[in-house]
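Atoms within each ligand, like the ligands themselves, are counted from 1 in listed order. Starting from 1, each residue takes its place in the sequence as its number.
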Amino acid sequence: MSGQIISGKAISETIKSELQAQVAKLVEQGIKPGLAVIIVGENPASQVYVRNKARTCIQLGMHSEIHELPESTSEEALLQLIADLNQNQSIHGILVQLPLPKHIHEQHVLDAIDPGKDVDGFHPVQVGNMVIGNRSYLPCTPNGVIELLKRSNIEIAGKHAVVVGRSNIVGKPVAMLLLRENATVTICHSRTADLAAITKQADILVVAIGRAEAITAEHIKPGAVVIDVGINRTEDGRLVGDVDFASAQAVSSHITPVPGGVGPMTITMLMFNTLDAARTLNGIV
Ligand code: NDP
């Protein structure tokens with residue numbers, strides 16, 4: 001068996017063209033979706049992510065603002081900027097690029113974003129709404145995983161989904177969204193005894209552990225669908241996932257590559273949330 005490649009790059013291009021048409025319609029109604037991204041300090045990786053977000057916004061016809069603040073910015077000044085953006089009518093989504101400098105309390109900052117503008121879906125109100133199944137902005141990477149499965153016509157309901165990783169930004173929310181889609185879900189983590197025995201039961205295996213190529217064919221049931229969220233840079237400079245692609249592809253039915261799998265979906269789902277926020281804040285459902 002050679003697993004069919006799920007191209008997040010192609011799927012995200014399709015979604016972006018759908019979004020572009022929907023943004024154009026909203027602009028005709030006098031509403032231009034606006035996203036403000038705040039970056040504190042000079043982390044080079046964060047700067048690349050922020051520029052990509054701004055570029056995608058503009059490509060889709062949305063308004064984009066980048067607020068670049070120096071490393072020395074106080075928590076108070078950052079909270080004031082968020083308070084101003086919460087009031088700003090041309091801004092529908094606010095995103096604070098993480099990580100923040102150590103002197104700033106991350107949760108204080110995330111909690112200060114108006115939940116109605118929290119397009120990252122990290123505010124406790126959004127998380128709570130997601131868990132109880134209310135309408136909310138879904139966290140971008142986990143929602144990207146679900147969208148990849150749906151758009152690849154992979155049945156989720158009734159399947160055993162195993163998620164490896166339990167972080168607040170990927171593992172836990174992806175497990176919750178799979179549950180919402182009626183999968184039977186098992187969550188594994190670094191303290192799981194005999195990981196392979198559990199992952200081998202998965203019909204759908206989602207891996208988000210941040211360990212380069214740690215999951216191999218030994219962990220995968222023949223015919224399983226493998227979604228690799230990991231992004232790791234090897235010592236020789238290659239970009240690889242948490243799954244050993246070559247061995248895993250040989251046993252899986254479908255598999256996401258790295259790069260070009262889950263990665264491109266994250267920004268795309270952020271754009272989806274920003275459009276949704278612009279509609280919702282203007283009373284359009
Ligand atoms: P974290 O480091 O926050 O969490 C890693 C999780 O994996 C933890 O729950 C940890 O368990 C678990 N874990 C670590 N090692 C093992 C192991 N050997 N066996 C089983 N479980 C293990 O990472 P993130 O969730 O933030 O990110 C995971 C990966 O996804 C990273 O490679 C990251 O770069 C990538 N990523 C990709 C995104 C994208 O857009 N494609 C977006 C966000 C992340 P424990 O809780 O017990 O410590």
Min over Ile209, Thr199, Ile267, Leu98 of heavy-atom distance to atom 7 (O) of ligand 1 lands on Ile209

For the CD atom on Glu218, are there more than 12 heavy atoms of other groups (residues, nucleotides or ligands in this structure) within a distance under 6.0 Å? no

Determine whether more than 12 heavy atoms belonging to other residues, nucleotides or ligands lie under 6.0 Å from atom CD of Gln89. no

Got an N/O contact under 3.5 Å between Gly165 and ligand 1? no

So is there a nitrogen or oxygen of Arg191 less than 3.5 Å from a nitrogen or oxygen in ligand 1? no

Flag the pair Ile220 / Lys200 as yes when at least one side-chain heavy-atom distance between them is below 4.5 Å, and no otherwise. no

Taking the side chain as everything from C-beta on, heavy atoms only, tell me whether Glu213 gets closer than 4.5 Å to Arg238. yes

Pull out every atom of ligand 1 sitting under 4.0 Å from any heavy atom of [X], numbered as shown with elements.
X	answer
Ile169	26 (O)
Gly263	41 (N)
Gly210	28 (C), 29 (C), 31 (C), 32 (O)
Asn232	32 (O)
Val170	25 (O), 43 (C), 44 (C)

Which one holds for Thr141 and ligand 1: side chain close, backbone close, both close, or neither close, with close meaning a heavy atom under 4.0 Å? side chain

Side chain, backbone, both or neither: which applies to Arg211 and ligand 1 if a contact is any heavy-atom pair less than 4.0 Å apart? side chain

Do any heavy atoms of Thr192 fall under 4.0 Å from ligand 1? no

Ligand 1 contact by Ala208, heavy-atom criterion under 4.0 angstrom: yes

Can you tell me which residue and heavy atom of the protein come closest to [atom], and the distance to 0.1 Å?
atom	value
atom 1 (P) of ligand 1	Ser167 CB, 4.1 Å
atom 37 (C) of ligand 1	Val229 O, 3.2 Å
atom 9 (O) of ligand 1	Arg166 N, 2.8 Å
atom 48 (O) of ligand 1	Ser190 OG, 3.6 Å

Tyr137 (side chain) donor-acceptor with Gly116 (main chain) under 3.5 angstrom: yes

Tell me whether Ser74 contacts the main-chain N or O of Ala77 through its side chain, where contact means a donor paired with an acceptor under 3.5 Å. yes

Are Asp276 and Arg135 ion-paired here, with the side-chain N under 4.0 Å from a carboxylate O? yes

Would a 4.0 Å cut-off, counted as strictly less than, catch a protein heavy atom around atom 25 (O) of ligand 1? yes

Does either side chain, that of [X] or that of [Y], offer a donor lying less than 3.5 Å from an acceptor on the other one?
X	Y	result
Glu65	His63	yes
Asn134	Ser136	no
Thr186	His160	yes

